[in-house]
Every structure is written in C-alpha cells, then in structure tokens.
Amino acid sequence: MDRMYRVLGFWTGIFTIMFYLGGMDKTALLFLGQTGFFVLLSYLRLTERMYMYVFAAYLSVFFAGFTYYTLFLMPPGGGLG
C-alpha cells in the first residue's frame, strides 16, 4: 500500500509541473503540497488499514473543499462570457 502512495505522489508531481508550466502557480503549489504529503506518508510504514483511513480522510477533506469552492467561490457560468 505504501507504493501506491508513491504512485500518487508521482502523478501529483507530474500535475505540479504541468500546472506550473501552464502559468497556474497557485494550483501548482497546492499539488506540490499534495505531492509532499503522499511521498512522506508512503515512508511511514503504516498498516494497510491506516493507509485506507488516511485516504478516506483525504477524500473527505477534498470533497468538502471542492463543494465549498463550487457553491460559494466559483463564478456563475463557469467563467464563460
């Protein structure tokens, strides 16, 4: 299970580079933080159950933040116009 967190760290690292090259600096920093979180977590040698609990907590925070953003912060119409 720890290897899967390294895979997540790898892909969020790739997204970090792509966002940075695309000029999306805030998003690149967000994904850089996620990359560090996943890579550091992968070396903790937790049990598989604990890795699942951490991932469930991560998803809960993500969905709450994404819902808050889409309901209250995102411009109406998705920025079209």
Side-chain angles (χ1 to χ4, degrees):
M1 194 65 159
D2 54 344
R3 290 181 183 167
M4 189 46 66
Y5 274 85
R6 288 185 201 124
V7 170
L8 286 169
F10 170 79
W11 284 111
T12 54
I14 294 296
F15 274 83
T16 300
I17 294 168
M18 299 303 272
F19 281 131
Y20 181 73
L21 293 175
M24 302 172 73
D25 295 334
K26 290 181 183 178
T27 310
L29 283 174
L30 177 67
F31 272 77
L32 182 63
Q34 289 181 7
T35 300
F37 172 74
F38 285 137
V39 170
L40 289 174
L41 197 63
S42 72
Y43 287 105
L44 289 181
R45 299 283 187 194
L46 302 173
T47 64
E48 189 168 344
R49 179 180 291 196
M50 193 63 196
Y51 277 123
M52 294 302 290
Y53 286 151
V54 169
F55 191 67
Y58 168 78
L59 286 181
S60 298
V61 170
F62 168 77
F63 285 134
F66 183 75
T67 302
Y68 177 80
Y69 175 78
T70 56
L71 287 176
F72 300 114
L73 300 178
M74 194 168 97
L80 299 176

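Start at 1 with the first residue, then count along the sequence.
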Side-chain heavy atoms under 4.5 angstrom apart, residues restricted to Ile, Leu, Val, Met, Phe, Trp, Tyr: same cluster for M1 and L40? no
Measure the spacing between CH2 of W11 and OG1 of T35 and express it to the nearest 0.5 Å. 12.0 Å
Would you please name every residue forming a side-chain hydrogen bond (donor to acceptor under 3.5 Å, both in side chains) with Y53, sequence neighbours left out? none
Partners of R45 by side-chain hydrogen bond (donor to acceptor under 3.5 Å, both in side chains), sequence neighbours excluded? D2
Could you work out, with ring pair (Phe, Tyr, Trp, His ring centres under 6.0 Å) as the rule, every residue matching F19, not counting sequence neighbours? F31
Test of understanding: clusters of I, L, V, M, F, W, Y form through side-chain heavy atoms closer than 4.5 Å, transitively. Do L44 and Y58 belong to the same one? yes
Side-chain heavy-atom pair V54, Y5 within 4.5 angstrom cut-off: yes
So if you build clusters from Ile, Leu, Val, Met, Phe, Trp, Tyr with side-chain heavy-atom gaps below 4.5 Å, do L41 and M4 land together? no
Taking atom CZ of F15 as the centre, report whether more than 12 heavy atoms of other residues, nucleotides or ligands fall under 6.0 Å from it. no
Quick check: are there more than 12 heavy atoms from other residues, nucleotides or ligands sitting under 6.0 Å from CZ of F37? yes
Output all residues satisfying ring pair (Phe, Tyr, Trp, His ring centres under 6.0 Å) with F72, sequence neighbours left out; order by chain, then residue number. Y68
Let me check something: do L30 and F63 share a hydrophobic cluster, defined by ILVMFWY side-chain heavy atoms less than 4.5 Å apart, either directly or through other members? no
So which residues get pulled into V39's cluster when ILVMFWY side chains under 4.5 Å apart are joined, directly or through others? Y43
Once side-chain hydrogen bond (donor to acceptor under 3.5 Å, both in side chains) is applied, do any residues pair with T16, and if so which ones, sequence neighbours excluded? none
Atom CZ in F38, atom CZ in F55: separation rounded to 0.5 Å? 6.5 Å
Rounded distance [0.5 Å steps], CD1 in I17 versus OH in Y20: 11.5 Å
Among the clusters formed by ILVMFWY side chains lying less than 4.5 Å apart, do F66 and L8 turn up in the same one? yes
